[in-house]
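So the structure is just underneath, and the comments pick up after that.
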Number of protein chains: 2
Amino acid sequence: MNITRAWEILKDNGYKKTDKRELILNMFEDTDKYLTARDLLSVLKKDFPGMSFDTIYRNLATFVNLGILEETELNGERNFRMHCESEHHHHHFICMECGKVKEISVCPMEMIQEKLPDCAIESHKFEIYGKCQNCVHETV
Amino acid sequence: MNITRAWEILKDNGYKKTDKRELILNMFEDTDKYLTARDLLSVLKKDFPGMSFDTIYRNLATFVNLGILEETELNGERNFRMHCESEHHHHHFICMECGKVKEISVCPMEMIQEKLPDCAIESHKFEIYGKCQNCVHETV
DNA sequence: TTTCTAATTCATAATCATTACGATTTACAA
DNA sequence: TTGTAAATCGTAATGATTATGAATTAGAAA
């Protein structure tokens, strides 16, 4: 997902272009990591001291609904990042040190459905946590 | 994990046998579902109106540390259940309707490590959500 | 361009889960 | 039976998130 596409989606759905939304989207475009509402607020407060929780959370929810951002829960906090548009279904390795995210193409769901013949599978979460190459070699 | 084993573990680690702990463990022994702190409190308040958050949360943390309970995050709330002692590593299918939990023996982690040769994988989460046999057939 | 209106934001308070604290009570070993 | 560390109670604090009502603003229509 790039920022141009994000604006298209917003416009198509009747959402306006505001400076706050622009700042938020820019922050996501600049990184491949997951960010929290807190991350966003602490940066955006510099440019807009009055920036409020409401603005952040409402916009994050909007972006997720429109498929611009994707979301996961990491130690009790919601984390967001630009939605990947890889053509194939995939999962993520998340570095717990620096936050870097890598795509993993393996997904065992086909196997799984066979094992649960009578269940209606609605979703699944498969995430791998650890340290990435760089962080493994860092001395603590 | 059964309750007798749980008490052994507690005793071995210098924890005392209290009526509150007994009630909490009994609730977990009676079900195979995940329970929240709220679930526990709402039931236990009947027998012990004074039962406090502190007691619940402190004991849940203790039980998790000792491996008596296992924990997962489900829509922003921590959920707990008796730790499975299956001899093999496995994952869970969780019915979002009734809360029933099924063991899934498939785990793709061997495959994954190959794909991330330089990363130190520390943990992973793999959960499947949906409706179980019974709940699929219920009319809403 | 100006005006109108719905969308957006601000400031703040409410809510919900969780954690912390000081005083009191309790389990259990000596 | 008693002493003491552990556990609990009652309540308050914290931190993330959601809600509210008033004020502002973007963007379409005149």
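A note on names: the letters A, B, ... follow the listed sequences, proteins ahead of strands, and every chain is numbered from 1.
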Contacts of B:His83 that satisfy ring pair (Phe, Tyr, Trp, His ring centres under 6.0 Å) - sequence neighbours left out = none
Listed partners of B:Ala61 passing side chain to side chain contact (heavy atoms under 4.5 Å, CB included), at least two apart | none
Under the side chain to side chain donor-acceptor pair (under 3.5 Å) rule, collect the residues that match up with A:Glu73, sequence neighbours excluded.
-> none
For A:Tyr15, what residues pass the side chain to side chain donor-acceptor pair (under 3.5 Å) criterion, not counting sequence neighbours?
-> none
Taken in chain and number order and not counting sequence neighbours, the residues that satisfy ring pair (Phe, Tyr, Trp, His ring centres under 6.0 Å) with B:Tyr57 are none
Using the test ring pair (Phe, Tyr, Trp, His ring centres under 6.0 Å), find all partners of B:Phe93 that sit at least two apart in sequence or belong to another chain.
-> none
Rounded distance in Å - CG (B:Leu44) to P (D:dC9) = 10 Å
Angle separating the five-pair end axes of the helix from C:dT1-D:dA30 to C:dA30-D:dT1, nearest 10°, is 20°
Go through DNA chain C in 5' to 3' direction and return only the first and the last nucleotide with some atom under 4.0 Å of chain A's heavy atoms.
-> C:dA6 to C:dA11
Any salt bridge (charged side-chain N to carboxylate O under 4.0 Å, His left out) involving residues 11-33 of chain A? Give me the pairs, sequence neighbours left out, ordered by first then second residue.
-> none
Quick one: B:Phe48 CZ to D:dC9 C1', roughly how many Å, whole number?
-> 13 Å
Residue list, side chain to side chain donor-acceptor pair (under 3.5 Å) with B:His88, at least two apart or on another chain | none
Between protein and nucleotides 4-6 of chain D, what N or O pairs are separated by less than 3.5 Å?
unit_1: D:dA5; atom_1: N3; unit_2: B:Lys16; atom_2: NZ; d: 3.4
unit_1: D:dA6; atom_1: O4'; unit_2: B:Lys16; atom_2: NZ; d: 3.3

Search all heavy atoms of B:Tyr129 against all heavy atoms of A:His124 and return the closest pair with its distance.
-> CD1-CA, 4.0 Å
Could you run down the sub-3.5 Å N/O contacts of the protein with nucleotides 16-18 of chain D?
unit_1: D:dA16; atom_1: OP1; unit_2: A:Arg38; atom_2: NE; d: 2.9
unit_1: D:dT17; atom_1: OP1; unit_2: A:Arg78; atom_2: N; d: 3.0
unit_1: D:dT17; atom_1: OP2; unit_2: A:Tyr57; atom_2: OH; d: 2.3
unit_1: D:dT17; atom_1: O5'; unit_2: A:Tyr57; atom_2: OH; d: 3.2
unit_1: D:dT17; atom_1: O3'; unit_2: A:Arg78; atom_2: NH1; d: 3.3
unit_1: D:dT18; atom_1: OP1; unit_2: A:Arg78; atom_2: NH1; d: 3.2
unit_1: D:dT18; atom_1: OP2; unit_2: A:Arg78; atom_2: NH1; d: 3.0

Heavy-atom nearest nucleotide on DNA chain C taken for A:Thr18 and for B:Thr18; more 5' hit belongs to A:Thr18
